[in-house]
Protein chains: 2
Amino acid sequence: MPMDDAQHAYVDRVATFFTMFGSARAWAEILGWLMICEPAEQTQAQIAEDLGLSAGTVSTQLRAHVQLGMVEQVRVRGDRTQRYRLRSGAWYAVMASELERIRALGDLARAGDGVLPRDRPERVTELGDLADFFAREWPPLMERMTAELEKGPA
Amino acid sequence: MPMDDAQHAYVDRVATFFTMFGSARAWAEILGWLMICEPAEQTQAQIAEDLGLSAGTVSTQLRAHVQLGMVEQVRVRGDRTQRYRLRSGAWYAVMASELERIRALGDLARAGDGVLPRDRPERVTELGDLADFFAREWPPLMERMTAELEKGPA
DNA sequence: CAGTTGTTTCAGGCAATACTGAAAACATGC
DNA sequence: GCATGTTTTCAGTATTGCCTGAAACAACTG
């Protein structure tokens, strides 16, 4: 189903938002379209057609979405074409994965132990304290999140 | 004070980390150096010299840091040269400012009300629920953070 | 097994951005 | 105010990364 004007406007809004944070335009447009397209499952060819992107771009950016865990592929028996759709709980999964980045920040801070400045060492240690705090707080926060929104992740 | 090998290695580690998320190399190097340089206050000329960057690059990227609230300038009376240093509580401030981005995500979800798909509308509504949840949880979390790490923000 | 359709890969063009170097603008102390 | 050193601005250059289009590859159908 091709896009109507309102849908096009929304895809553009989503794309503008995410490109602001450094995402590729095509990546963001695909995300926006997969949020509102009907049906939720789409083939690469449909996406390319609807968004006016080349097949290669769709293949590449869609793979990026799959690897990030936002999108999953659906096999339909007796049909050769792969379908792609936004994963249920995709947004929650992104938040849950933040814990990894928090840990990476903690590692970064600890790596600074050998070069701790005499003058205002908190420039480095504050980062470590921050990472520790979030590493502790994040898991219970995620539990509350899934409990409260209880749509079940995957 | 010029960098020794260990310091150079750390600046490089910090720079590698942040460029991975799309930051400019110079921006990230300046951040890393301001975390460990001695003394904490540095002039633009010193930073350019120590990192091997041009004066123009330092001016531009340093301004970006100031606008983001990570770096502040210090006036020293009787000295014409401006000094720059990492703000106390800079890392906490970054986390506190996340609330704005959460709200922006909520707006993005609500903007999708007009194009809500019949098939699996939760693709859009989940994002709104998520944003609402974090908008509620974030302020008390920030309070706990500042209380627990109590170095005082600014 | 050949034909058809869908997907991936990759070289090349293109646009966006970072960085440099130099000149203009600015601020401060004398 | 003038001189001096600092900071900003900006045109030009280099680099990066996105996107395309075509060709190779894979999978199903008749």
Side-chain angles (χ1 to χ4, degrees), chain A residues 1-2 11-12 14-34 37 39 41-68 70-85, chain B residues 11-12 14-34 37 39 41-68 70-85:
Chain A
M1 190 196 65
V11 168
D12 195 61
V14 173
T16 300
F17 182 85
F18 285 101
T19 51
M20 210 176 280
F21 297 119
S23 305
R25 178 90 198 168
W27 183 94
E29 285 189 7
I30 290 172
L31 175 59
W33 183 224
L34 286 181
C37 61
E41 293 80 15
Q42 296 277 317
T43 67
Q44 289 198 10
Q46 286 173 334
I47 296 171
E49 166 67 19
D50 292 336
L51 294 175
L53 296 169
S54 75
T57 298
V58 172
S59 173
T60 303
Q61 300 300 341
L62 213 38
R63 189 217 313 273
H65 278 300
V66 171
Q67 285 181 339
L68 283 173
M70 288 288 295
V71 169
E72 62 190 354
Q73 2 191 326
V74 194
R75 294 201 159 281
V76 179
R77 258 191 64 86
D79 188 356
R80 135 178 70 235
T81 72
Q82 193 76 255
R83 316 242 159 194
Y84 296 83
R85 69 165 173 223
Chain B
V11 168
D12 195 61
V14 173
T16 299
F17 182 86
F18 284 101
T19 51
M20 210 176 279
F21 298 118
S23 304
R25 178 90 197 166
W27 183 93
E29 285 190 6
I30 290 172
L31 175 59
W33 183 225
L34 285 181
C37 63
E41 293 80 17
Q42 297 277 315
T43 67
Q44 289 199 10
Q46 285 172 334
I47 295 172
E49 165 69 18
D50 293 335
L51 294 175
L53 296 169
S54 74
T57 299
V58 172
S59 173
T60 302
Q61 300 299 343
L62 213 37
R63 190 218 311 272
H65 278 299
V66 170
Q67 285 181 338
L68 283 173
M70 289 288 295
V71 169
E72 63 190 353
Q73 5 191 327
V74 195
R75 295 198 159 282
V76 179
R77 257 192 66 86
D79 188 357
R80 148 173 54 234
T81 74
Q82 193 76 255
R83 316 240 160 196
Y84 297 83
R85 68 168 175 221

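Order of the sequence lines sets the chain letters (A, B, ...), proteins ahead of strands, with each chain counted from 1.
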Can you check the [X] [atom1] to [N] [atom2] distance for me, whole Å?
| X | N | atom1 | atom2 | result |
| --- | --- | --- | --- | --- |
| B/E29 | C/dA18 | CD | C1' | 12 Å |
| B/D79 | D/dG5 | CG | P | 12 Å |
| A/I47 | D/dT20 | CD1 | P | 14 Å |
| A/Q61 | C/dT8 | CD | C1' | 14 Å |
| A/L51 | D/dT20 | CG | C1' | 15 Å |
| A/L62 | C/dT8 | CG | P | 8 Å |
| B/E49 | C/dG21 | CD | P | 13 Å |
| B/R75 | C/dA27 | CZ | C1' | 8 Å |

key: Which atom of A/L53 lies closest to which atom of A/A26, heavy atoms considered   = CD1-CB, 4.0 Å
inquiry  = Can you give me the closest heavy-atom contact between B/G32 and B/V11, atom names plus distance?
reply    =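 Where B/G32 meets B/V11 most closely, the heavy atoms are C-CG2, 4.0 Å.
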request  = Decide if atom CD of A/Q73 counts as having more than 12 heavy atoms of other residues, nucleotides or ligands within a radius under 6.0 Å.
outcome  = yes
ask   = Would you call B/R75 and B/D79 a salt bridge, taking side-chain N to carboxylate O under 4.0 Å as the test?
value =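 No.
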query = Is there a side-chain contact between A/I30 and A/H65, using heavy atoms and a 4.5 Å cut-off?
reply = yes
request  = For B/G52, answer base if it contacts any base atom (sugar-phosphate contacts may also be present), sugar-phosphate if it contacts only those atoms, and nothing otherwise; contact means non-hydrogen atoms under 4.0 Å.
outcome  = sugar-phosphate
inquiry  = Please encode protein proximity along nucleotides 7-12 of chain D as a string of B, S and -, counting only heavy-atom distances under 4.0 Å.
reply    = SBB---
inquiry  = Under a 3.5 Å threshold, yes or no: a donor from one side chain and an acceptor from the other, between A/Y84 and A/Q44?
reply    = yes
